[in-house]
Trainee: 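Please see the structure below; I have some questions.
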Amino acid sequence: LQIVYYFNVFYYSFYFLATLLMVIYKSQVFSFPDGNLALDLILLILMVILEVIRLYLGFKGNLTEEALPIVTSLVLTIGSLLLCLYFLFWQTYVLKADVIINAILLVTYGLEGILDIIAVSNFARFYI
């Protein structure tokens, strides 16, 4: 689980920079309807904040073998997942690169979710 968290830190850094650069590119090449560029940027910043908190709680819960931080991280993963789906399907312009990087992020969320559930069940069984 810890390895997946480390991978996600590096991949999400790449994801954020790539998405930000693609939003800037799209704003220069395409014409955005009023307010949509701001919405995309605000949701991207919200996603960064959510991701930092989510990964911190996941790291903390896994290293201390506590179930509550991991469960909280798992709940926050749902919010991150919804924002990832927004950038995959509902943002103003979706490029092929958007589809690829969002699909990889969805796979990492799925893998983390499965491993989080396994870790929580192991921690709960150990302390009961």
Side-chain angles (χ1 to χ4, degrees):
L1 180 61
Q2 200 69 20
I3 293 170
V4 176
Y5 282 131
Y6 278 117
F7 173 76
N8 204 346
V9 166
F10 291 111
Y11 183 73
Y12 190 78
S13 300
F14 163 75
Y15 173 86
F16 171 72
L17 289 174
T19 303
L20 182 63
L21 290 173
M22 282 190 285
V23 167
I24 292 170
Y25 167 77
K26 292 177 212 175
S27 71
Q28 300 298 315
V29 174
F30 305 112
S31 62
F32 273 76
D34 291 339
N36 285 14
L37 179 62
L39 176 67
D40 287 352
L41 290 173
I42 289 170
L43 289 177
L44 185 61
I45 291 169
L46 176 66
M47 191 176 184
V48 167
I49 294 168
L50 196 63
E51 195 70 16
V52 167
I53 296 169
R54 185 184 76 77
L55 288 172
Y56 170 75
L57 289 172
F59 271 109
K60 180 182 175 192
N62 191 43
L63 291 175
T64 60
E65 296 185 356
E66 293 180 27
L68 183 62
I70 293 180
V71 170
T72 307
S73 173
L74 192 57
V75 170
L76 291 176
T77 301
I78 296 168
S80 292
L81 179 78
L82 292 173
L83 287 168
C84 183
L85 289 173
Y86 169 81
F87 285 107
L88 182 59
F89 295 116
W90 300 302
Q91 71 176 320
T92 308
Y93 298 105
V94 180
L95 302 176
K96 187 177 256 186
D98 287 317
V99 173
I100 293 168
I101 64 172
N102 280 294
I104 294 170
L105 190 61
L106 286 173
V107 168
T108 62
Y109 285 158
L111 183 59
E112 272 185 34
I114 291 168
L115 293 175
D116 281 345
I117 291 169
I118 292 170
V120 167
S121 67
N122 285 337
F123 298 158
R125 187 171 16 135
F126 180 71
Y127 288 110
I128 290 179

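The chain is numbered in sequence order, starting from 1.
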Trainee: Below 4.5 Å, heavy atoms only, C-beta onward: do Phe30 and Leu37 meet side chain to side chain?
Mentor: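 A side-chain contact is absent here, since even the closest heavy-atom pair is not under 4.5 Å.
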Trainee: Mind listing the closest non-hydrogen atom pair of Asn102 and Cys84 along with its distance?
Mentor: OD1-SG, 3.3 Å
Trainee: Shared ILVMFWY cluster between Leu55 and Leu44, side chains joined below 4.5 angstrom?
Mentor: no
Trainee: Atom CG of Leu76 and atom CD1 of Ile49: how far apart are they, to the nearest 0.5 Å?
Mentor: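 Answer for the CG-CD1 pair, Leu76 versus Ile49, is 12.5 Å.
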Trainee: Might you point out which heavy atoms bring Leu88 and Val94 nearest each other, and give the distance in Å?
Mentor: O-CG1, 3.5 Å
Trainee: With hydrophobic residues grouped by side-chain heavy-atom distances under 4.5 Å, do Leu21 and Tyr12 end up in a single group?
Mentor: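 No.
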Trainee: Okay, side chain of Ser27, backbone of Ile24: is any donor-acceptor separation there less than 3.5 Å?
Mentor: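 Looks like yes, one N/O pair under 3.5 Å.
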Trainee: So does Leu17 have more than 12 non-hydrogen atoms from other groups sitting under 6.0 Å from CG?
Mentor: yes
Trainee: Could you tell me whether the side chain of Asp40 reaches within less than 4.5 Å of the side chain of Lys26, counting heavy atoms only?
Mentor: no
Trainee: Between Tyr93 and Phe32, what is the ring plane arrangement, given parallel below 30°, perpendicular above 60°, and tilted in between?
Mentor: perpendicular
Trainee: Quick check: do Leu95 and Tyr25 have side-chain heavy atoms less than 4.5 Å from each other?
Mentor: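 When only atoms from C-beta onward are counted, Tyr25 and Leu95 do touch, with a gap below 4.5 Å.
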Trainee: Decide yes or no for Gln91 and Asp98: does some side-chain heavy atom of the first lie under 4.5 Å from some side-chain heavy atom of the second?
Mentor: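 A side-chain contact under 4.5 Å exists here.
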Trainee: Just verifying a value: how many Å separate Glu51 CD and Ser73 OG, rounded to the nearest 0.5 Å?
Mentor: 8.5 Å
Trainee: Can you tell me how far apart CG (Leu68) and CG (Leu57) are? Round to the nearest 0.5 Å.
Mentor: 8.5 Å
Trainee: Taking all non-hydrogen atoms of both residues into account, name the closest pair between Asn62 and Ile70 and its distance.
Mentor: N-CD1, 3.7 Å
Trainee: Is the backbone of Pro69 close enough, under 3.5 Å, to the side chain of Lys60 for a donor and an acceptor to pair up by distance?
Mentor: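 No: the side chain of Lys60 does not pair with the backbone of Pro69.
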Trainee: Assert yes or no for the condition that the ring centre distance of Tyr11 to Phe14 is strictly below 6.0 Å.
Mentor: yes
Trainee: With rounding to the nearest 0.5 angstrom, report the OH to CG distance, Tyr86 to Leu82.
Mentor: 13.0 Å
Trainee: Does a salt bridge link Arg54 with Asp116, judged by any charged N lying under 4.0 Å from a carboxylate O?
Mentor: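 Result for this pair is no, no salt bridge flagged.
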Trainee: Hydrophobic cluster membership, with links at side-chain heavy-atom distances under 4.5 Å among I/L/V/M/F/W/Y: are Leu63 and Tyr6 in one?
Mentor: no
Trainee: Starting from Val29, can I reach Leu20 by hopping between I/L/V/M/F/W/Y residues whose side chains sit under 4.5 Å apart?
Mentor: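 Yes, because Leu20 and Val29 connect within a single hydrophobic cluster, where side-chain heavy atoms sit under 4.5 Å apart.
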Trainee: Does Leu111 share a hydrophobic cluster with Val9, counting links as ILVMFWY side-chain heavy atoms below 4.5 Å and allowing steps through other members?
Mentor: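 Leu111 clusters together with Val9.
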Trainee: Can you name the nearest heavy-atom pair linking Gly113 to Leu74, along with the distance?
Mentor: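 So the two residues come closest at CA-CD1, 3.7 Å.
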Trainee: To the nearest 0.5 Å, what is the distance between CZ on Phe87 and CG on Leu43?
Mentor: 5.5 Å
Trainee: To the nearest 0.5 angstrom, please state how far the CD atom of Glu66 sits from the CZ atom of Phe123.
Mentor: 9.5 Å
Trainee: With side chains defined as the heavy atoms from C-beta onward, is the minimum distance between Leu105 and Met47 less than 4.5 Å?
Mentor: yes
Trainee: Side chains of Asn8 and Tyr109: do they bring a donor and an acceptor to under 3.5 Å?
Mentor: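 Judged by distance alone, the side chains do not pair up.
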